[in-house]
Amino acid sequence: MLTQTPNFNQSRRASALPTNSRCLIPFDRREGMTTAEAAQQANRTERTIRIWCRDHDIGRRIAGGPWLVSRVALAMFLNGDEAALRAYLAGDRQSSSVLAYFAVHGLEELTFG
């Protein structure tokens, strides 16, 4: 659920996000959704979702296929929760801010603990 409006025109800031994104790593299909599903949830176009995946690392392409969007990362992005998103993209699956997003989506078992 969108609680704040993210800055959609903001380009990726090199210092704000890790360069080696751990989005959807380890991979579990339950965490991912298609760009169509993400677009519906965010009330945006699929093109916008693909741009967000590229610019904000909220999804990844598996074996060169279509984008798969992390439910967790999308929620963090839509909520403007940059600290949680940075932690998630760095591989953190244990901090309370990250765990809360996994719990909201019923994905607690994917947090390695």
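Positions are given from 1, in the same order as the sequence printed here. In this text, all values refer to a predicted model and were calculated from it rather than measured experimentally. Hydrogens, waters and symmetry mates are skipped; everything else that's a heavy atom, side chains included, is used.
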### Query
For Gln40, what residues pass the side-chain hydrogen bond (donor to acceptor under 3.5 Å, both in side chains) criterion, not counting sequence neighbours?
none

### Message
Holding to side-chain hydrogen bond (donor to acceptor under 3.5 Å, both in side chains), I want the full list of residues that pass it with Arg30, two or more places apart in sequence or in another chain.
### Response
Asp28, Glu109

### Message
Set out, in order, the CA-CA distance, both residues' side-chain angles and the distance that settles side chain to side chain contact (heavy atoms under 4.5 Å, CB included) for Met33 and Gln41, then state yes or no.
### Response
CA-CA 10 Å; Met33 68 174 105; Gln41 182 176 327; 3.4 Å; yes

Same hydrophobic cluster for [X] and [Y], using side-chain heavy-atom links shorter than 4.5 Å among ILVMFWY?
{"X": "Val98", "Y": "Leu78", "result": "yes"}
{"X": "Trp67", "Y": "Leu74", "result": "no"}
{"X": "Phe77", "Y": "Leu99", "result": "no"}

Just verifying a value: how many Å separate [X] [atom1] and [Y] [atom2], rounded to the nearest 0.5 Å?
{"X": "Leu107", "Y": "Tyr101", "atom1": "CG", "atom2": "OH", "answer": "14.0 Å"}
{"X": "Leu68", "Y": "Thr34", "atom1": "CG", "atom2": "OG1", "answer": "8.0 Å"}
{"X": "Arg50", "Y": "Thr45", "atom1": "CZ", "atom2": "OG1", "answer": "7.5 Å"}
{"X": "Leu89", "Y": "Arg22", "atom1": "CG", "atom2": "CZ", "answer": "11.0 Å"}
{"X": "Met76", "Y": "Arg86", "atom1": "CE", "atom2": "CZ", "answer": "11.5 Å"}
{"X": "Arg93", "Y": "Thr111", "atom1": "CZ", "atom2": "OG1", "answer": "9.5 Å"}

## Note on the structure
Correct closest heavy-atom pair for Leu110 and Glu31 would be CD1-CB, 4.0 Å

### Non-hydrogen atoms of Val69 and Ile49 that approach each other most closely
CG2-CG2, 3.6 Å

### Task
If a pair satisfies salt bridge (charged side-chain N to carboxylate O under 4.0 Å, His left out) and one of its residues is in residues 59-80, list it, with sequence neighbours excluded.
none

### Main-chain N/O of Gly32 paired with Arg29 side-chain donor or acceptor, under 3.5 Å
yes

### Query
So, the side chain of Asp92 versus the backbone of Tyr88: is there a donor-acceptor pair under 3.5 Å, distance only?
no

### Query
Can you tell if the side chain of Ile58 reaches within under 4.5 Å of the side chain of Ser70, non-hydrogen atoms only?
no

